[in-house]
Amino acid sequence: MSDRKRARIDIGTPGAEQTAAAAGGRSEAAQKAAIGEPTTNVFDGGKPFSDRYYEILATRKELPVWQFRDQFKKMLRDNQICVLVGETGSGKTTQIPQYCAEVCHEDGIQGMVSCTQPRRVAAMSVAQRVAQEMDVKFGEQVGYTIRFEDFTSKNTLLKYMTDGMLLREAMNDPLLERYSVIILDEAHERTLSTDVLMGLIKEIAASRADLKIVVMSATLDAEKFQSYFNDCPLLTVPGRTFPVEIFYTPEPQPDYFEAALRTAMQIHRYEPEGDILLFLTGEEEIEEACRTLRNEAQNYDCGELLCVPLYSTLPPNMQQRIFDPAPPARNGKPGRKIVVSTNIAETSITIDGIVYVIDPGFAKQKVFNPRVRVESLLVSPISKASAQQRAGRAGRTRPGKAFRLYTEKAFKKQLQDTTHPEMLRSNLGSVVLQLKKLGIDDLVNFDFMDPPVPETLMRALEMLNYLGALDDDGNLTSVGEMMSELPLDPELAKMLIASPEHKCSNEILSIVAMLSVPNCFIRPNDQRNEADSAKAQFVHEESDHITLLNVYHAFVANNMDQKFCYNNYLNFRSLKSADSVRQQLLRIFKRLGLELNSTPFEDRRYYDNIKRAILSGFFMQVAHKERSGGYLTVKDNQIVSIHPSSSINHRPQWTIYHEFVLTTKNWIRTVTAVKPEWLLDASPDYFDLTNFPQCEAKIEIERLIQRRARHNKR
DNA sequence: GAGCACTGC
């Protein structure tokens, strides 16, 4: 009999000695035993529970979800798939996975319980908490797995992980056989990975009767999840938050920014004490709002107002300021903290003590145009679900108020119920490659919860075909197999795999890593010149990609020193993470059996080889300078300009670009000058003139082909 | 001569 099965006896059936001890009424454990609760930890070799366990257990029992423990366990036993809806504060994320582990133990089921999270921090912090609750060593029986970090052991029975990580695992373990229960948490967020996982897991469930699936979500989409998963049972657990009173504006607001600041000042001047959370759309807006509010607060006879900005690119020590206490009262008027934040405060970061929420009703959202394959950010109205989530932020510690800067009618009639899932707003290149690797051949009929428009899928398939990842029948090629192993966009993956042929894989590894992390150049508004001259040291005048390579080399040559970064206006965090990414890519690169090589620096082909390697992944992102002097993207004929941050010091005839950014204008960012004949070498298929729209670029390529033909004849 | 919603492998 396995240890697990033997240990099962302990649950709920205390042994004779324990019952005898209870009669003495001394220790806490003994008292527990007397009322039929276990006193030893079946998950830790039958060790007695610590005192701390009982302390935490008391708080666990106060969670709303505790009342549903037996009901949930029964539902799990009786069904393969179930949906659990739990509002904020229900305790579902920490408790449900434990209940699953209990069921596995009690029923002698082998295999791990996995609980997925959209974000790394959540996976880590929840795992730590649950290890404490279960009174086991963190990283042993309970652990977590995220990119770059696997904090689990061979004894792990409950594992928190990012949803992207589970998807990676599925590529090598298509039926996810090491798991007996998979819990998809925060499913309502509908991230790309969650959506792919849902489709995949639904398929796996059909062929693995022993696999249990729990989908956990906030309220709004419950029935949709239920019907998607074959009308499975649903358990609803109430949350534990304080009531939030909602106020709408009587009239639509022409300028949400101005209305937001006005509302903030009114709350500060006339409402009882309590901190404010104001949602705006981006860094610039947020910094401006903070400046204005600081000034305003001095013009009135009111308490002190502490204005704290919050957005993801803010350095962590600045982000910490959101937890500073509000200033004390002044002349009997309350001091107050106002946090001015992007959407990051809607899901990722929770601030306690917020009593007032101001919701102008907008957020920057990703939109995708499949015709020109461009993703861009657009300020757009939020959904009802988002508005509800934002309002909820006011009721975490006591009853609060939410001020919506739009009319009730607009809320009811104009806001969509939920935010469009990311799947419908993204370039699906990576998703398609992943699904192919997972053995899903018929993508058009794949059971997506919200199927993407066919054109988006077609563009992704076409792109992967040009990259050589899929053959003409849509099957994964050996190049495609390798590409799918790399945690990169397909273009970057292709460029890396092709780099050994161009004798520069060492350099391309560095460039790809640098392209995969946030922008490393810092340019403070009041030190632009200093920052620009610091950057000038690294500039390669024909290529932003090579400029990035120079930065990485300098970083390494200076022992990855933080001071070096500070002195040179470089983002240390970003460069550190580029180095981690590079190490990870290098490991995979070697595993794939690819050759690590470099062209000698003295060789005149050193830079050309690098540019050709970049082109092998990015030949679909080329811009051509027209006779008018402006740039047009090749084949799509979009008017674009080279981004002012570019280190290119001339205007090359042909250039590849890494990103197309749509803001005030169509920009191409991170560019490298190339020679037109390299285009033909990189992909004769893509530059086949029979399906090329008429334009100057076509005429030049035509001439080039004729010249080559003549040359070959001679 | 301008900008970086947020995640994740």
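Lettering of chains follows the sequences in order, A, B, ..., and the numbering in each one begins at 1. Keep in mind that the numbers below use all heavy atoms, side chains included, and drop hydrogens, waters and symmetry copies.
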Base, sugar-phosphate alone, or nothing: which one does A:V661 contact when heavy atoms must sit under 4.0 Å apart?
-> sugar-phosphate

Pick base, sugar-phosphate or nothing for A:R669, based on heavy-atom distances below 4.0 Å to the nucleic acid.
-> sugar-phosphate

List in chain and number order the residues that pass side-chain hydrogen bond (donor to acceptor under 3.5 Å, both in side chains) with A:Y179, two or more places apart in sequence or in another chain; answer none if no residue qualifies.
-> A:K159, A:E169

Touch check for A:T342, heavy atoms < 4.0 angstrom, all strands: base, sugar-phosphate only, or nothing?
-> sugar-phosphate

Short N-O contact, A:E189 and A:R119, less than 4.0 angstrom | yes

Indicate, with a heavy-atom threshold strictly under 4.0 Å, whether A:R168 touches base, sugar-phosphate, or nothing.
-> base

Assign A:T191 to base, sugar-phosphate, or nothing according to its heavy-atom contacts below 4.0 angstrom with the strands shown.
-> nothing

Quick one: label A:F148 by what it contacts on the DNA or RNA (base, sugar-phosphate, nothing), any heavy atom closer than 4.0 Å.
-> nothing

Charged N to carboxylate O below 4.0 Å: is that the case for A:R393 and A:D352?
-> no

Touch class at under 4.0 angstrom, heavy-atom based, for A:I344 against every strand present | sugar-phosphate

With sequence neighbours left out, what residues match A:F618 under ring pair (Phe, Tyr, Trp, His ring centres under 6.0 Å)?
-> A:H658

Please work out if A:K665 contacts a base, only the sugar-phosphate, or nothing of the nucleic acid, heavy-atom cut-off 4.0 Å.
-> nothing

Roughly how far, to the nearest 0.5 Å, is CG of A:L197 from CE of A:M165?
-> 12.0 Å

Across the strands shown, which category fits A:L167 at heavy-atom distances under 4.0 angstrom: base, sugar-phosphate, nothing?
-> nothing

Nucleotides bounding contact with chain A, strand DNA chain B, heavy-atom threshold 4.0 Å = B:dG1 to B:dC9

Between A:H643 and A:Q434, which is nearer to the 5' end of DNA chain B once each is assigned its nearest nucleotide?
-> A:H643

Which of residues 529-540 of chain A sit near DNA chain B, with a heavy atom under 4.0 Å from it?
-> none

Heavy atoms under 4.0 Å, any strand shown: does A:E283 hit a base, just sugar-phosphate, or nothing?
-> base

In this structure, CD1 of A:I182 is separated from CD1 of A:I204 (nearest 0.5 Å) by 6.0 Å

Which part of the nucleic acid does A:R120 contact within heavy-atom distance under 4.0 Å: base, sugar-phosphate only, or nothing?
-> sugar-phosphate

Check each of A:K590, A:R587, A:R591 against A:E485 using the salt bridge (Lys or Arg N to Asp or Glu O under 4.0 Å) test, and report the only one that passes.
-> A:R591

Give A:D163 one of three labels, base, sugar-phosphate or nothing, depending on what nucleic acid heavy atoms sit under 4.0 Å from its own.
-> nothing

Hits for ring pair (Phe, Tyr, Trp, His ring centres under 6.0 Å) against A:F403, two or more places apart or cross-chain, chain-then-number order -> A:F247

Residues in ring pair (Phe, Tyr, Trp, His ring centres under 6.0 Å) contact with A:Y256, at least two apart in sequence or another chain = A:F362

